[in-house]
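Along the sequence shown, residues are numbered consecutively beginning with 1. Computed from a predicted structure; not experimentally measured. Remember, it's 1-based here, ligands and their atoms both numbered in the order they're listed.
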Amino acid sequence: MGAIVTGWGMCVPPAVLTNADLAGFLDTDDEWVTSRTGIRERRISHVGMVELSVVAASRALAAAGVAEDDFDCLIMATASADLQIPNSASRVQLVLGNRSAAALDTNVGCCGFTYGLAMANGLIESGVSSRVLVIGAERLTTILDWTQRDSAILFGDGAAAVVVEPGKPEQGVLGAYLACDPEPGEALMVGDLGNAAPHERRCTPYELHFDGREVFRNAVPGMVKAGHTALQRAGLSLDDIDLLIPHQANLRIVEAVGKKLPIEPARVFTNLQHYGNTSAASIPLALCEALEQGRIGSEAKLLFTAFGAGLTSAAVVLGWGERTEALGNSERQLPACNLSAVELLQPSLDFQRRWHREHPD
Ligand SMILES: CC(C)(COP(=O)(O)OP(=O)(O)OC[C@H]1O[C@@H](n2cnc3c(N)ncnc32)[C@H](O)[C@@H]1OP(=O)(O)O)[C@@H](O)C(=O)NCCC(=O)NCCS
């Protein structure tokens, strides 16, 4: 029995932060950001990660043609949960009106959705679950230091979800690879999510410790190895893959992965230009837009490959089902946002500038 995707939905907040906006408060410019990363703009959320997730999940369930509360497991992939206790999956579950499904968060950074999809497959194949909602969602812009030009330019907010249900044997997750190498883990770390005791505090609350070169150096071989291993486990080769949907971290990483696998650019999907790196949301957001653009046909073979904090790496080979059209639509929307992206960020920026002035080391 394969576990296939029967519904999909996304939700990105409306406020757009362009590279030109960033240049208004950081020592950077559009040319540098575009040429080094491919990113032109990203979204800044005016609501919590749970609210983004509820809308994405509701749209995915409507696309699957089922009621909003009709699932028996919810896997929430996020590294930026609105709350730690209880898990954010249960808050999404509550709003959707479901009172009995299993609900868990997985924090594996940018690999979150890929891990979640592989776990959903296992739960379905073992008979533990019959309809799993997998959400990838992030509100990373509240844990970024907006005074740091090397990392603030990279990330954005968003959420996307899929519904996973039993399908035919040649469909669904055909091969997967999940891994973590903790040794270089400090290259991408938020050491204090506001919960360190004051005498232990060594950095700004929410400060991202980030070594972009180290992450880049590990990302390309990590995503290539993950992709090859998942293909081998599926008994398939790259020639069988209709579309590669890589984690959308940086266009240079995506291009390098494409060259090393190898797979030609026409079979690689990117949308990071518009959203930046949305971590666990990046692959499902790209999946939704690829479907919207008609890039995924009936029974297509897809390869997802990801890399992220941990440092984790993961890949899934997914056999799509027959249907590429949504069965229904959800009426859920985000509340209106009356502030610009820069206005939304201003309080964080003021706080962080003050913090750095008062703690010059
Ligand atoms: C962050 C990243 C874009 C930096 O690109 P890079 O080409 O490696 O750039 P470097 O770090 O070598 O910096 C080159 C110079 O540009 C400067 N610079 C860094 N950010 C800048 C910015 N936003 N604008 C202008 N200059 C910048 C640096 O200070 C450095 O200057 P120096 O040579 O005088 O010291 C790249 O390393 C990357 O994408 N890494 C992976 C990031 C990621 O997405 N991780 C998430 C998990 S997958």
Side-chain angles (χ1 to χ4, degrees), residues 17-42 77-80 107-115 136 138-141 143-158 178-182 184-190 207-227 245-258 260 270-286 304-315 345 349 352:
L17 186 76
T18 64
N19 291 345
D21 292 330
L22 282 168
F25 59 87
L26 277 176
D27 181 15
T28 191
D29 57 71
D30 177 49
E31 203 283 318
W32 195 96
V33 179
T34 308
S35 62
R36 300 291 178 113
T37 70
I39 301 165
R40 295 181 180 277
E41 57 191 27
R42 67 288 290 145
T78 187
S80 52
N107 178 350
V108 276
C110 308
C111 289
F113 177 78
T114 313
Y115 264 61
E138 302 285 5
R139 193 188 190 193
L140 289 166
T141 60
I143 59 172
L144 289 179
D145 184 338
W146 292 97
T147 68
Q148 304 299 313
R149 66 177 182 175
D150 57 338
S151 50
I153 59 164
L154 294 174
F155 299 94
D157 300 332
L178 309 177
C180 179
D181 175 7
E186 282 200 20
L188 182 48
M189 182 179 270
V190 181
E207 185 175 292
L208 179 74
H209 181 258
F210 180 64
D211 179 346
R213 280 188 200 177
E214 179 69 359
V215 178
F216 200 125
R217 210 176 53 75
N218 283 277
V220 177
M223 287 168 76
V224 169
K225 179 180 174 192
I245 303 186
H247 167 49
Q248 308 284 308
N250 175 323
L251 198 55
R252 284 157 63 211
I253 294 179
V254 170
E255 285 170 355
V257 168
K260 287 224 156 73
T270 58
N271 64 354
L272 61 87
Q273 297 82 346
H274 302 297
Y275 304 118
N277 181 348
T278 56
S279 188
S282 101
I283 288 182
L285 277 178
F304 302 142
T305 184
F307 192 82
L311 296 176
T312 50
S313 53
L345 293 180
L349 191 56
Q352 288 161 344

Contact atoms of ligand 1, heavy-atom distance to [X] under 4.0 Å:
X	result
I153	23 (N)
T37	3 (C)
L188	46 (C), 47 (C)
R36	6 (P), 7 (O), 9 (O), 14 (C)
T28	22 (C), 23 (N), 24 (N), 25 (C)
N277	44 (O), 46 (C), 47 (C)
N250	3 (C), 38 (C), 39 (O)

(request) State plainly whether the residues E214 and R217 are in salt-bridge range, i.e. N to O under 4.0 Å. (result) yes
(request) Would you tell me which option among A219, A23, A249, G276 has the nearest heavy-atom contact to atom 44 (O) of ligand 1? (result) A249
(message) For the backbone of A315 and the side chain of T114, can you confirm whether one donor and one acceptor N or O come within less than 3.5 Å of each other?
(response) no
(message) Quick one, E138 with T78, criterion side-chain hydrogen bond (donor to acceptor under 3.5 Å, both in side chains). Give me CA distance, side-chain angles, the key distance, then yes/no.
(response) CA-CA 6 Å; E138 302 285 5; T78 187; 3.2 Å; yes
(request) Give the minimum heavy-atom separation between L272 and Q248, together with the two atoms involved. (result) N-OE1, 3.2 Å
(request) Answer yes or no: is there a side-chain heavy-atom contact under 4.5 Å between I253 and F216? (result) yes
